[in-house]
K.L.:
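Sharing a structure here in structure tokens format.
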Amino acid sequence: MSTVVSSCYKKPVLFKFSKSFFSFDNIRKTTDLASKPGSDEDEFRTLDIRGGKTPQTYSRKKQPRVVFPPRTERMPVDQDWSNVWPGPRTFHPASVPLPLRQGINKLGASPGKVGNVELMKIPNFLHLTPPAIKKHCMALKKFCTPWPRALSTNENCQKYFPLELIQTDYCHSSPSIRNPLARIITIKFPLDKLHLDEHAKDKFLRLVGDRYDEETGIVTIVTDKCPLRKQNYDYALYLLTAVYYESWTFEHWEIEKSQPDLEYYDWDNSKCKENLIHLFKQANQNMEENNLLVERLKESIVALFDEVGTTDHKDLWPGDVVSLQTCDTCGSSDSLEGGQPHVATNHGFHGAAAGHP
């Protein structure tokens with residue numbers, strides 16, 4: 001340790017220096033660095049964090065790329081296709097051993113399956129081949145119950161399950177697999193399968209209107225107001241239930257309904273039947289003994305009034321009336337209402353004598 005006193009200040013200043021600062025070893029190291037070739041005292045030295053090791057480069061030999069043949073060339077002929085294409089998926093050309101083509105090429109044939117975007121856009125049914133469907137059915141068979149023996153024929157199915165449901169599924173090439181027409185629901189059922197009396201049947205026919213087919217006796221209800229198929233199905237069953245129970249409802253004003261208000265000719269409550277019963281009483285005959293003639297007259301008159309616009313029965317009922325009047329069991333025609341003939345009118349079976357309009 002050395003001490004130096006400076007005299008340039010008013011007061012003496014004492015500086016203390018370490019002995020090693022001015023040692024010969026430090027001066028020699030500094031001189032050696034400056035004397036090295038290529039060294040520059042004004043240039044900063046580079047800081048090497050990696051420890052001064054230079055990176056080593058390795059040369060890798062390029063090996064040729066092995067391109068395997070497509071899978072379709074290695075497929076055996078007797079393979080199980082359901083294992084290759086088990087479910088719905090996008091078309092892949094290396095998995096389908098078929099020479100498929102899709103698209104338009106103005107210079108030649110349609111493009112092949114390799115790199116064909118048109119084949120990948122459309123849905124396919126390669127997973128629904130007959131052997132695959134049979135395999136699925138065999139797998140599901142153990143979870144199914146035997147088919148009922150009572151439903152072995154279509155007639156028995158219609159007898160025990162008269163309600164027929166019709167719905168449609170559409171398959172087409174489109175960005176969306178949904179079709180708005182698939183929401184439409186149609187139900188059909190025969191009218192005679194409903195438990196209705198004469199009053200309920202008449203009211204039911206008035207409510208359904210033209211949805212009832214008189215030739216087949218089938219009622220058809222179509223619903224398409226709701227956006228979903230399930231909603232239209234529930235709405236169709238609701239309409240059927242509402243119309244059925246409404247037809248059994250009896251209002252107080254329905255008591256005033258008369259024969260002209262009915263949509264059919266009511267033979268049991270008609271004036272024609274009353275006059276016919278009165279005719280047999282005057283002849284002292286029983287109406288049941290002439291059941292065949294009465295049924296013929298009933299069918300002719302009912303068909304005449306119900307089948308409007310037809311002329312098939314207009315020429316039949318006068319002959320039935322004449323045969324009923326001239327029958328041996330009813331006596332001579334002179335004893336029937338004073339010898340006056342009876343004719344069928346809109347209000348029944350009446351005599352043509354004075355006082356009988």
K.L.:
How close do R89 and S95 get, heavy atom to heavy atom, and via which atoms?
P.N.:
NH1-OG, 4.3 Å

K.L.:
Rounded to the nearest 0.5 Å, how far apart are CG of D213 and CD of E215?
P.N.:
5.5 Å

K.L.:
Just checking, R149 and W147: is the charged tip under 6.0 Å from the six-membered ring centre and within 45° of the axis?
P.N.:
no

K.L.:
Could you state the interatomic distance from NZ (K113) to CG (L100), rounded to the nearest 0.5 Å?
P.N.:
6.5 Å

K.L.:
Can you check side-chain contact (heavy atoms from CB on, under 4.5 Å) on R183 and L228, steps first, answer last?
P.N.:
CA-CA 5 Å; R183 75 184 193 281; L228 299 180; over 6 Å; no

K.L.:
Would you say that W85 contacts T129 through its side chain, given a criterion of any heavy-atom pair below 4.5 Å between the two side chains?
P.N.:
no

K.L.:
If we ignore hydrogens and angles and just use 3.5 Å, is the side chain of N232 paired with the main-chain N or O of I185 as donor and acceptor?
P.N.:
no

K.L.:
Side-chain heavy atoms nearer than 4.5 Å, only ILVMFWY residues, links allowed to pass through others: does that put I221 and I184 together?
P.N.:
no

K.L.:
For Y238, I'd like to know if atom OH has over 12 heavy atoms of other residues, nucleotides or ligands within 6.0 Å.
P.N.:
no

K.L.:
Per the side-chain hydrogen bond (donor to acceptor under 3.5 Å, both in side chains) rule, which among E254, E251, E198 passes with K203?
P.N.:
E254

K.L.:
Are more than 12 heavy atoms from other residues, nucleotides or ligands located less than 6.0 Å from atom CD1 of I104?
P.N.:
no

K.L.:
Who clusters with I166? Use side-chain heavy atoms, under 4.5 angstrom, across I, L, V, M, F, W and Y, and order the result by chain and number.
P.N.:
none

K.L.:
Flag the pair R206 and D202 as a salt bridge only when some basic side-chain nitrogen lies within less than 4.0 angstrom of an acidic carboxylate oxygen.
P.N.:
yes

K.L.:
Using the side-chain contact (heavy atoms from CB on, under 4.5 Å) rule, take T241 and Y245 through it: C-alpha gap first, then chi angles, then the decisive distance, then the call.
P.N.:
CA-CA 6 Å; T241 306; Y245 284 103; 3.6 Å; yes

K.L.:
What I'd like to find out is whether the side chain of T168 reaches to under 4.5 Å of the side chain of Y170, using heavy atoms alone.
P.N.:
yes

K.L.:
Taking all heavy atoms of A132 and all of S82, pick out the closest pair and write down the distance.
P.N.:
CB-CB, 4.2 Å

K.L.:
Answer yes if the side chains of T220 and K188 hold a donor-acceptor pair under 3.5 Å, and no otherwise.
P.N.:
no

K.L.:
Give, for atom CG of N124 and atom OG1 of T90, the distance between the pair rounded to the nearest 0.5 Å.
P.N.:
8.0 Å

K.L.:
Taking the side chain as everything from C-beta on, heavy atoms only, tell me whether F91 gets closer than 4.5 Å to N116.
P.N.:
no

K.L.:
Measuring from atom OG1 of T223 to atom CG of L237, what distance do you get when rounded to the nearest 0.5 angstrom?
P.N.:
8.5 Å

K.L.:
Looking only at atom types and distance, does a side-chain atom of K225 sit under 3.5 Å from a main-chain N or O of Y235, one as donor and one as acceptor?
P.N.:
no

K.L.:
What's the verdict on side-chain contact (heavy atoms from CB on, under 4.5 Å) for N105 and S110, showing C-alpha distance, side-chain angles and the deciding distance?
P.N.:
CA-CA 5 Å; N105 185 11; S110 300; 5.6 Å; no

K.L.:
If you count the non-hydrogen atoms of other residues, nucleotides and ligands that lie under 6.0 Å from OH in Y244, is the total more than 12?
P.N.:
yes

K.L.:
A150 and Y160: which non-hydrogen atoms are nearest, and at how many Å?
P.N.:
O-CE1, 4.2 Å

K.L.:
Identify the heavy atoms of L151 and N156 that sit nearest to each other, and give their distance.
P.N.:
CD2-O, 3.8 Å

K.L.:
Which residues, ordered by chain and number, are linked to I133 in its hydrophobic cluster, where ILVMFWY side chains connect at heavy-atom gaps below 4.5 Å, directly or through other members?
P.N.:
F125, L128

K.L.:
Can you confirm whether more than 12 heavy atoms, excluding those of Y233, are under 6.0 Å from its OH atom?
P.N.:
no

K.L.:
Tell me, do T72 and V96 make a side-chain contact under 4.5 Å, heavy atoms counted?
P.N.:
no

K.L.:
Looking at side-chain heavy atoms only, is the closest gap between T186 and Q167 below 4.5 Å?
P.N.:
no

K.L.:
Can you confirm whether F161 is buried at CZ, in the sense that more than 12 heavy atoms of other residues, nucleotides or ligands lie under 6.0 Å from that atom?
P.N.:
no

K.L.:
Quick one: CG on D80 to CG on N83, what's the gap to the nearest 0.5 Å?
P.N.:
4.0 Å

K.L.:
Can you tell if the side chain of M75 reaches within under 4.5 Å of the side chain of R71, non-hydrogen atoms only?
P.N.:
yes

K.L.:
Is there a side-chain contact between L119 and H92 (heavy atoms, below 4.5 Å)?
P.N.:
no

K.L.:
Could you check if a side-chain atom of W81 sits within less than 4.5 angstrom of a side-chain atom of P131, using non-hydrogen atoms only?
P.N.:
no

K.L.:
Would V222 end up clustered with I218 when hydrophobic side chains under 4.5 Å apart are linked, directly or stepwise?
P.N.:
no

K.L.:
Walk me through it: do V66 and F68 pass the test side-chain contact (heavy atoms from CB on, under 4.5 Å)?
P.N.:
CA-CA 6 Å; V66 179; F68 294 96; 4.2 Å; yes

K.L.:
Count I, L, V, M, F, W, Y as connected when their side-chain heavy atoms are under 4.5 Å apart, and connections chain through other members. Are L163 and L165 then in the same cluster?
P.N.:
yes

K.L.:
Counting only heavy atoms not in K193, do more than 12 fall under 6.0 Å of its NZ?
P.N.:
yes

K.L.:
Applying salt bridge (charged side-chain N to carboxylate O under 4.0 Å, His left out), can you list everything that pairs with R229, at least two apart in sequence or on another chain?
P.N.:
D169

K.L.:
Give the minimum heavy-atom separation between P93 and V114, together with the two atoms involved.
P.N.:
CB-CA, 4.0 Å

K.L.:
Taking everything shown except Q79 itself, do over 12 heavy atoms lie less than 6.0 Å from its CD?
P.N.:
yes

K.L.:
Measure across E118 and Q102 and return the closest heavy-atom pair with its distance rounded to 0.1 Å.
P.N.:
CB-CG, 3.3 Å

K.L.:
Would you compute the distance between atom NZ of K201 and atom CG of D197 and round it to the nearest 0.5 angstrom?
P.N.:
10.5 Å

K.L.:
May I ask you to decide if the ring planes of F204 and F189 are parallel, tilted or perpendicular, using 30° and 60° as cut-offs?
P.N.:
perpendicular

K.L.:
Backbone N or O of C171 within a donor-acceptor pair of the N179 side chain at under 3.5 Å?
P.N.:
no

